[in-house]
Amino acid sequence: MRQGTAAGSSATREAVHAWLLLLPALVLLVAFTHWPAVSTLVDSFYSTPKGSRAGVWVGLENYQVMVGDPVFWKAVRNNLWFAGATIPVSIALALVMALWVNERIAGRAFLRMAYFTPTVLPMIAVANIWLFFYTPQYGLLEQITGALGLPSHNWLGSPTTALGAVTLVAIWKEAGFFMIFYLAALQTLNPSLREAAAIEGASRWYFFRRVQWPLLMPTTLFVLVNAFINAFRMVDHLFVLTRGGPDNASILLLYHLYEVGFSFWDTAYASAITVVLVVVLAGIALFQFFVLDRKVHYK
Amino acid sequence: MSSIELIDIAKSWGDATALQSVNLQIEPGSFCVLLGPSGCGKSTTLRILAGLETATRGRVVIDGRDVTALPPAQRGIAMVFQNYALFPHLSVAENIGFGLSVRKTPAAESARRLREVAALLGLDALLDRKPSQLSGGQQQRVALGRALVAQAKVCLMDEPLSNLDAQLRQDMRRELRELQRQLGLTVVYVTHDQTEAMSMADQVVLLNRGRIEQAGLPRTLYARPATTFAARFIGTPAMNLVALEGGRIAGSEVATGHDAAMLGVRPEAITFAPRGIPATVQGLEYLGADLVLRCAIGSQVLLVRTAGGCEAAPGDQVGLHWAPEDSHGFDAAGHRID
Amino acid sequence: MSSIELIDIAKSWGDATALQSVNLQIEPGSFCVLLGPSGCGKSTTLRILAGLETATRGRVVIDGRDVTALPPAQRGIAMVFQNYALFPHLSVAENIGFGLSVRKTPAAESARRLREVAALLGLDALLDRKPSQLSGGQQQRVALGRALVAQAKVCLMDEPLSNLDAQLRQDMRRELRELQRQLGLTVVYVTHDQTEAMSMADQVVLLNRGRIEQAGLPRTLYARPATTFAARFIGTPAMNLVALEGGRIAGSEVATGHDAAMLGVRPEAITFAPRGIPATVQGLEYLGADLVLRCAIGSQVLLVRTAGGCEAAPGDQVGLHWAPEDSHGFDAAGHRID
Amino acid sequence: AGTGLVHAQAPVELQFYYPVAVGGPIAKTIDGFAAGFMKENPGVKVSPIYAGTYQETIVKALTAHKSGTPPVTSVLLSTDMFTLIDEEAIVPFDDFVKTADDKAWLGGFYKAFMMNSQTGGKTWGIPFQRSTVVMYWNKELFKEAGLDPNKPPATWAELKDAATKLTRKDASGKVTQWGVQIPSSGFPYWLFQTLTTPNDAILANEAGTAVKFDDPKVIEALQYWVDLGKAGIHPPGVVEWGTTPKDFFEKKAAIIYTTTGNLTNIKANAKFDFGVGMIPGNKRKGSPTGGGNFYIFKKSTPAQQDAAFKFVKWITQPERAAQWSMDTGYVAVSPAAYETDTLRKYGRDFPAALVARDQLPVSVAEFSTHDNQRVTKALNDGLQAALTGSKTPAQAMQDAQREADRILRASK
Amino acid sequence: MAYNEPTLLDTLAAWLLALLWILPLAYAVWTAFHPAEFSTRFALAAPLTLDNFRRAWEAAPFARYFLNTTLLVSMVLVVQLVLGTLAAYAFARYRFKGRGIAFALVLVQLMIMPDILLVENYKTMAKLGLVDTLLAIGLPYFASAFAIFLLRQTFMGIPKELDEAARVEGASALQTLWRVYVPLARPVYTAFALVSVSFHWNNFLWPLIITNSVNARPLTVGLQVFSSVDQGVDWSVITAATLMTSAPLLIAFLLFQRQFVQSFMRAGIK
Ligand SMILES: Nc1ncnc2c1ncn2[C@@H]1O[C@H](COP(=O)(O)OP(=O)(O)OP(=O)(O)O)[C@@H](O)[C@H]1O
Ligand SMILES: Nc1ncnc2c1ncn2[C@@H]1O[C@H](COP(=O)(O)OP(=O)(O)OP(=O)(O)O)[C@@H](O)[C@H]1O
Ligand SMILES: [Mg+2]
Ligand SMILES: [Mg+2]
C-alpha cells in the first residue's frame, strides 16, 4: 500500500519536472503557432472578410471550393511528384555525403563546405543563380549541353521540364542540409563497433547496412519527417524560377496557398487549404514518427 | 595453423608510449598468453596484431606474410575485445552470427555453428536478447562467442573471461583449450589471472611498461623468474623478496648462503619446521582453502601459505624452512643470479 | 554507518525474471560480498539498491528509512558500475571529481581528495587523459576512484577489480578494506573471485537464479555449504561431489559411512596416503603453486589438489585420504545433512 | 501654403512604405525626398520604409492594415487598386483635394496613368513610379541583317519581317539569335497587352468587373504571339522576364519588349548601339502602363492623412518627378515634368528616354479588375498554355474567360 | 586504420558531387569579381574588379544590418538551444502522462508554415508593442520544434549508463543534463547551430514585415534590394551582395566543421 503511493508520488514528481522543463517551449509554441493555427481553422469556416464586411459562417464551403479547384489538384499532383523525388534522393545523397566526409577523405574540409553551401547561401541569390544555370542559350546548362552538341532547351519555360528543374534545386538544397545531421550522428557512433566489424571482415556496404544504418535510425527518422514536411514547404525558389508556371506546370501546394493568401487575399480559402495541408501533413508525419519511433534503436 | 611474429614493434600516442620494442615469435597452433600489470601494453599489442592500431614502428608477420599494412579483415583473425564491442542493436544470435553472415556462410552451416557456440557458452536461452538486456558476464560470453564462431586461424582474446564466475571460467578455460587444440588455432590471450596463464599457456609473455620482461613456458616463469619483476608478478601470493645484507637477511643474523642483493622464496615453498628460521607471525589472511601468514624475520616480512585449517594467531613464534632449490637470488638491478 | 535492508525484492522484465524474492540484512559498517554465477542477479540487486532500477516488488530500507521510491541522488550512495560508465568527454580528474563538483565541495577539499584517490589507485600520471586514452584496467580504476572519492556512507561496487592484474588487485583489496574500516562504510560488493569474497567479506551472500542460496560468514560458506550448489560454487577447484549408492561411492566398493545421496570433499582436504582409498590418476593440471590431479574411484572422479612440485603421471595408482570432518553429506535435493 | 499650421511640438508621424523594383540607389533618393519635405514641413516626420518588392510591400501593408496599424501612405502597384478598395484599406484622394491648386495638380498627370488610378469617379491612387512597355532593338544586328538600324518595325507585319531576318541559326540548325523576344514569365498579361492594345482590344472594363479574353481580337493577338514562336523567330515556350535584358546584351535576341524601367540598365550594359521605340502597332498603336501609385491608408488619423496628402503632392511636383525619372528610369508622371529644365536637357542628351512619354498618349491602363490577381492568374495561365502549345489560343482564351467570369461573378 | 577508408573511386565521386554542389557558389565568386559582361562568359582573361562589391555595399546600410543580424541570430540561437534542450530532455528521459500528445503538439510546428501565421503574429507583436524590434523577429522562432526533435533523437541515443552514473553521483536532473547530455551531444549542437544561424541569417519575409527601421532590420532586407526583377537580373551585384553577406557564414562553417571531428563515445562503456 505504502509502496504504491510512494511509487505514485515519485511518478507525479517526475511528471511535474517534465512539464516544467517543457513549459517555456510550450508557452511560446502555443502563443506563436498553435493559437494562430486554431484561428486559421476557425477562419476556414467563414467567408473572407473584405474591409468592414466581416466574414460570415459558410461551413464547409471553402472546402468545397477547394475540391472544385483544378489548380489545387494540379498542385497536389505536382507536389506528390516533387515529394516522391526529393525525399528519397536528398536523403540518400545526404547519407552518402555524410559517410564520405566522416572518413579521412582527401580534402575533407572542402568537401564538407561544398556540401553545406546550399544551407549557407540565401535563397534569393541561389534561385537567381539557378535561373542563370537554366537560362536557354547562354545558361550554364546550355553551355554544357551545347558543348556536347545537344539541342537547346528552355528548361524552366517548358511544361515538361519546369517541375524537374525546380525539383533539382530542392534536392540540391536539402541534401546538403541533411548531410550535416547525418554527419553529427555518425560522430556519436561508438568506434569500437567499426573495429569489431573490421575484424569480422565486413565490407563497407555490409557495415553500413547492418550497423551504421540501423544505428542512424534516430537521425533518419528525424530527417525523414523533416524531408517529408519540407517537400510541402520548400517553395521559395519558385518565386524566382517559375512562379508555378508555365501554366501551373510547376505549381506546388504551398505556392498555391501563397497565391491565394497573399495575392488573391482570399484568406478564408487560404485558411481552408492551410488546414487541409497541415492536417494531412501532421497526420502522415505523426504517423511516421509514432510508428517508426517504436522500431528505432535508441541506446 | 598460423605462426605470428612481431618484429620490433613500438607504439606511442604523442608523449604516451605504450610499447617500446616488442619482439615476439608465436608458434603455429600454440596458445600464447600475454600477462602484465594494468596499462603495460597488452591490449595495444593485440590491437596492433589485429590491425586496429598502426604501430609507430616495426612489422607484423603472420604465416610468413608481412601484414603490417593490411586491414584487419585480410589478416584472417578473430578477436574478443576487452570492452566487448557488441552491436547494441543486434540480438545475441545476430551478434554471434555477424561474421558468418558477412562471409555468406550457408544458412544451415551457420545455424549449426551458432547453436554449438551458444550451447558451449550457455547462451541458448538468451539468443533473442539485445546486449542491453544481458548481465555483464553474459555480454562477455557473447563477445567470446562472436570470436569463436568465426573459427579463424588466429584468435586474439583480450581478457575474455574476466567477468565470469570461477566455475564458469574454469569450464570455459577447458573448453577453449580443447577447441584451440582441435582446430589448431593460434591463440593470443590476454589475462591478468595467473591460474589462467599457467594452466592454458604454451608460452607466457610477461610485459612490463611496454617491454617484454620474460617469455617462456609457464613452468619456467614460475620456477625460474628472470627478474624480480617476474618473480613478484607471477604467483599468488607473490614471491617473497627479502633484502640481503652481506648474505644475511636484513636486520637479522640469518645467513642464507646467497651472494645476492635479494633473495626470493615463494610463500608456498615455505614450510613450518620447529628448527627452522625463527620468525614472528604478524598477521594472517584467510583464503578458504589456504591461510596466508605474514611472518617477520629481522626487518623483513615473508608471506607463508599454509593449509586453511591451520591454527595460528598474531604474535606466535614459528620456525620457517625452505629448500635451497626453492630460493632465488637476484642482483641489485633485479636480474636473476644463477 | 548505514544499515541496509532488502525486503522481499523481486524484479522481472516481462518474462525474464532476474530476482525472485530477495531478503537481505546488511549490518552498518560491514562489508557484504554478493557472489554467484553469471546472470544470477548480482548487478540487478545492486542497481535496485542504488535506485537505478525499480523493483517489481519489495522494499529497500537504508538506515531504517524506506528509500524504495527515492531517486539515486537522495540515497547517499556511491557506486562502481560493472561497465564503468565513465563520462567519455571528461578527463580522468573530472570523472573522479564529478560528484564533488556536483555537490559543490570546496575546491581545496576536492583537490585534496582527488589527489589522495589518484595516488591510491596509481592514476596520478593519467589525470588529464580522456577515458578513451586509457587501458581497460586504468578505466576500471577511474570508475573505482569516482566512487571512493565521494565517501558516501554506502558504497556499491560491481566487480570493481575484475580487469586488474593479480598484484594490483591484491593491493586494492587491502586498501579498499582499510578504507572501508576507517570510514565506517557499508560496502556491498559484487565479485566472481572467491579469494576476494573470502578475504574481504564480513558477510558473503551467495545468489543463484535470483534467489539467495546461502548467506553468512565466509568461513561458514566454505566450511559448511548449505547446498550442493554452495558447495560446488565456493572453492577452486570446486568441492568434489561424489554420488553415493547405499553409502558407497558409486561404481566402487568404497564405503563412506554416510547415509546421503552425495558426498562432498574439497580437493585440498584430500591427501595421499599409501593406505588410503585406491584411485587412478586420470589427468593433471599444473597451476604454478599447485597441481590438481584428476583421480577416479569407481565411476566417480575426484580432484585432488597437491603441491606444484609433486611428480605424478596419468595412470599412476594412488591412495587417497580425507578426515571425516572434511566430508559433507547432501540429500537428493542437494540440501546439507548434518 | 498657409493651410497646414502645425504645432511644432507634436510632429505628425508619417510612415511611408515603398518598394524597390529597379536597381540604383533608390533608397537614397527617397530618403533625400523625405528629408527635403521635412525641411519644408517641420511638423511632419516622414519615415520612408523600404518594404521589398511590390508583392512584399503589399503583403506588409495589408498585414499591418489587418492588424490595425497600417502605414499612412504607401507606393503599391496601380493594379492593386481594386484589391485595396475591396479591403477598405485606402481612402480616395478626392476628399483632400480642396483648393484650385490641388485640383490643377490632380489634373496634371498623364491620362494613361490616371486610368489605373481612378474608378467609379474617384481617384484612389496618385501615379508615382510609373512605366510602360517599349521595344528595344540592337542596331548592330539590324545592320548585319541588312535592315535600317534607325527604322524599327512599326507594325506587326514589319516586326515579323524584321525578326525573320534577324534570326540566325548555326550549322546544326540551332538558333543562336532570336529575331524578337517578348517575355512571358511572371506577368505575361502585361506583355500581352502590348499585343492586344495594338489589335484594338481592351481586356477589362473601367469598373474592373468584366473582362473580354475571348474577344476575337484578343485571340488574334495571342495567335500572333504564338505564331512568332512557331515561325522560329521567337524563343519557344515561356520566356523569362528577368533574363530578357541579358539576352539582349548577349545578342541572343535582337528585339525585346520590356519596361521603360530597364532603360538605365540597358544603357549601362549594352555594348552596342541600341534603339528604343514604340511598340509596333497593328490596328492602332499602344502599350499598357505599369508601375506604382501612392495610396493613403484609411486607418490613419486625419492629421496623418492630411500630411500624407501634402507629401504626395510635394513629391509629385514636376521638379521631383523629373529627378525621380532621371534617377530611376521611370516615366515622369506629368507633362509638366518634361517641361522642367533638367528633364529637357536629359531628353536632349538621351532621346531614348522620351520614347515612353511619346507613347503615353496611346497607352492604356494596365490590366486590372476586382479580385485582380486571381483574374490575372486565369489570364496568365491561359497565355502560358497557348505559348507552350498545350492549348490553342482560342481554347486558352475561352477557358480563361470562363474562369474570369466565374471569379468576377461575386464582384458584380 | 586502412579499414573502411574511402577508395579512390569514392574520392573521385565525392569530389565530383562536391564540385556540382559548389557550382552556385563558384559561379557567385566568378561573377562577383568580374565585370557584368563576364557574368555569363567564363574567359580566363576576364579582368578582376571589386566594383560589384562597392555597388552592393553602397546600396544599403550593410554595416548596421550586419550588426542587427549578428545580434538576432545569436539571440535566437541561444534561446532555441536553451528551450530546445530543456524540452528535448523532458521528452527523452521522462515518462509522464501526456508525453505523446505534447510531443505531437511540438511536431505540429514543423508542419505549419510560419508565413501563414504572419497576420496573427503581427497582431500579437503589435499588442505587445514589439513591432520593429529584433525581439519581435526572433520571438516566433524561439521555441523550435526542429531543435526539440533533433535533440530528443540525440539524447535518446546517449547511453543510459552515463545518466545513471551522474545520478548516483548526486547530480540533479538539470546537472545531469548540463554536464552529461549537452557535452555528449556537441556535434549535434554544432550541426543545429550552423543550420539555425544560416536559416535566420537568411530569413526574409517575417523580418521584412515586422520591422520598419534600419535599427532592427537584418541583412537579407538589404540583400533583397538586388533581387528586384523588374529590370532583369543583375547577377554581378546579386552575387557580390550574396558573397558579402554569406562570407561570415562560410567562414564560420569552415571553422566549426572541425567540431564534427571529435567523437566521444569510444570508451568508458563496455
Ligand atoms: N533489461 C533486461 N531485460 C531482460 N533481462 C535482463 C535485463 N537486464 C538483465 N537481465 C537478466 O537478468 C539476469 C540478472 O542480471 P544481472 O545483471 O543482475 O546478472 P549478474 O549477476 O550481475 O551477472 P554477471 O556476473 O554476469 O554480471 C540475467 O539473466 C540477465 O540476462
Ligand atoms: N589512445 C591513447 N592515447 C594515449 N595513451 C593510450 C591510449 N590508449 C592506451 N594508452 C596507454 O597505453 C598504455 C597501454 O595500454 P593497453 O590498453 O595496451 O594496456 P593493457 O596492458 O591492456 O592494460 P589493462 O590490463 O589495464 O587493460 C596504457 O598506459 C594506456 O594508458
Ligand atoms: Mg587491456
Ligand atoms: Mg553483473
Side-chain angles (χ1 to χ4, degrees), chain A residues 14-15 17-18 21-22 24-25 28-29 32-33 36-37 39-40 100 103-106 109 111-117 119-122 124-126 128-129 131-132 138 176 180-181 183-184 187-188 190-192 194 198 204 207 218-219 222 229 233 254 274 278 281-282 285-286 289 298-299, chain E residues 3-6 10-11 14 18 21-22 24-25 27 40 83 86-87 89-90 94 96-97 102 104 107-113 116-117 120-121 140 142-143 149-150 153 156-157 159 173 187-188 191 194-195 198 202 220 223-224 227 233 235 238 242 246 249-250 253-254 257 260 263 265-266:
Chain A
E14 284 250 305
H17 279 181
L21 290 170
L22 287 179
L28 286 169
L29 278 178
F32 294 106
T33 302
S39 84
T40 302
W100 275 331
E103 313 283 345
R104 246 173 289 158
I105 196 165
L111 293 179
R112 282 182 182 166
M113 199 199 63
Y115 297 150
F116 189 60
T117 43
T119 312
V120 177
L121 294 180
I124 305 165
V126 162
N128 275 304
I129 290 171
L131 186 63
F132 165 68
Y138 55 85
I180 286 292
F181 299 104
L183 180 57
Q187 289 293 324
T188 55
N190 184 346
S192 60
R194 159 175 296 220
R204 264 172 72 202
F207 176 63
T219 306
F222 171 78
I229 292 162
R233 275 184 52 165
L254 189 57
T274 308
V278 169
L281 277 188
L286 292 178
F289 173 78
Y298 300 97
K299 268 162 220 152
Chain E
Y3 174 64
N4 264 357
E5 287 206 339
D10 282 300
T11 313
W21 243 244
I22 209 169
L25 183 66
Y27 173 74
T40 53
L83 297 188
L86 294 179
Y89 186 53
Y94 285 85
F96 56 92
K97 257 214 194 84
L107 282 189
V108 162
Q109 194 216 26
L110 289 175
M111 348 271 161
I112 296 182
M113 322 58 180
I116 298 309
L117 312 172
E120 284 295 328
N121 282 345
F142 279 174
F149 187 14
L150 176 65
Q153 298 303 86
M156 302 264 291
V188 174
L194 287 171
V195 163
S198 300
N202 293 329
T220 32
L223 195 57
Q224 178 73 359
S227 80
V233 191
W235 284 296
I238 290 190
T242 303
S246 303
L249 285 184
L250 286 168
F253 179 79
L254 276 174
Q257 57 94 18
F260 286 111
S263 68
M265 297 299 193
R266 183 194 175 95

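Every chain is numbered from 1, with letters handed out A, B, ... down the list of sequences.
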Fill in: Derivation and outcome, side chain to side chain contact (heavy atoms under 4.5 Å, CB included), residues Val188(E) and Gln187(A)
CA-CA 9 Å; Val188(E) 174; Gln187(A) 289 293 324; over 6 Å; no
Discussion item. Could you work out, with side chain to side chain contact (heavy atoms under 4.5 Å, CB included) as the rule, every residue matching Ala125(A), not counting sequence neighbours?
Written reply: Pro122(A), Ile238(E), Thr242(E)
Worksheet item: With a 4.5 Å heavy-atom cut-off, do Arg112(A) and Phe253(E) have their side chains touching?
Response: yes
Worksheet entry | Pairs of heavy atoms under 4.5 Å with chain E: top-ranked of Ser39(A), Pro24(A), Gly176(A) | Ser39(A)
Worksheet item: What is the distance from atom CG of Leu150(E) to atom CZ of Phe222(A), rounded to the nearest 0.5 Å?
Response: 4.0 Å
Worksheet item: Counting heavy-atom pairs under 4.5 Å to chain A, which of Leu86(E), Thr220(E), Leu107(E), Asp10(E) comes out on top?
Response: Asp10(E)
Worksheet item: What's the shortest heavy-atom distance between Ala184(A) and Pro187(E), and which atoms?
Response: CB-O, 3.6 Å
Worksheet, complete the sentence: Looking only at Leu286(A), Thr274(A), Leu121(A), Val278(A), most heavy-atom pairs under 4.5 Å shared with chain E are made by Leu121(A)
Worksheet entry | Closest-packed option against chain E by number of heavy-atom pairs under 4.5 Å, given Val120(A), Ile229(A), Val126(A) | Val120(A)
Discussion item. Going by side chain to side chain contact (heavy atoms under 4.5 Å, CB included), name the residues that satisfy it together with Ala109(A), two or more places apart in sequence or in a different chain.
Written reply: Gln257(E)
Practice prompt. Please confirm whether the backbone N or O of Leu110(E) pairs with a side-chain atom of Arg233(A), one donor and one acceptor, at under 3.5 Å?
Written response: yes
Item to complete: Could you point out which residue of Leu194(E), Leu249(E), Leu254(E), Leu250(E) forms a side-chain contact (heavy atoms from CB on, under 4.5 Å) with Phe116(A)?
Response: Leu194(E)
Worksheet item: Would you say Tyr94(E) and Leu21(A) make side-chain contact, with heavy atoms under 4.5 Å?
Response: yes
Worksheet item: Has the side chain of Trp21(E) got a donor or acceptor atom that lies under 3.5 Å from a matching backbone atom of Thr117(A)?
Response: no
Practice prompt. Supply the atom-to-atom distance Gln109(E) CD to Leu29(A) CG, rounded to the nearest 0.5 angstrom.
Written response: 5.0 Å
Fill in: Among Ala14(E), Ala18(E), Ala87(E), residue most engaged with chain A (heavy-atom pairs, under 4.5 Å)
Ala14(E)
Worksheet entry | Under 4.5 Å from any heavy atom of chain A - which part of Phe149(E) | both
Worksheet entry | Distance in Å, Leu25(E) CG paired with Ile129(A) CD1, rounded so as to fall on 0.5 Å steps | 7.5 Å
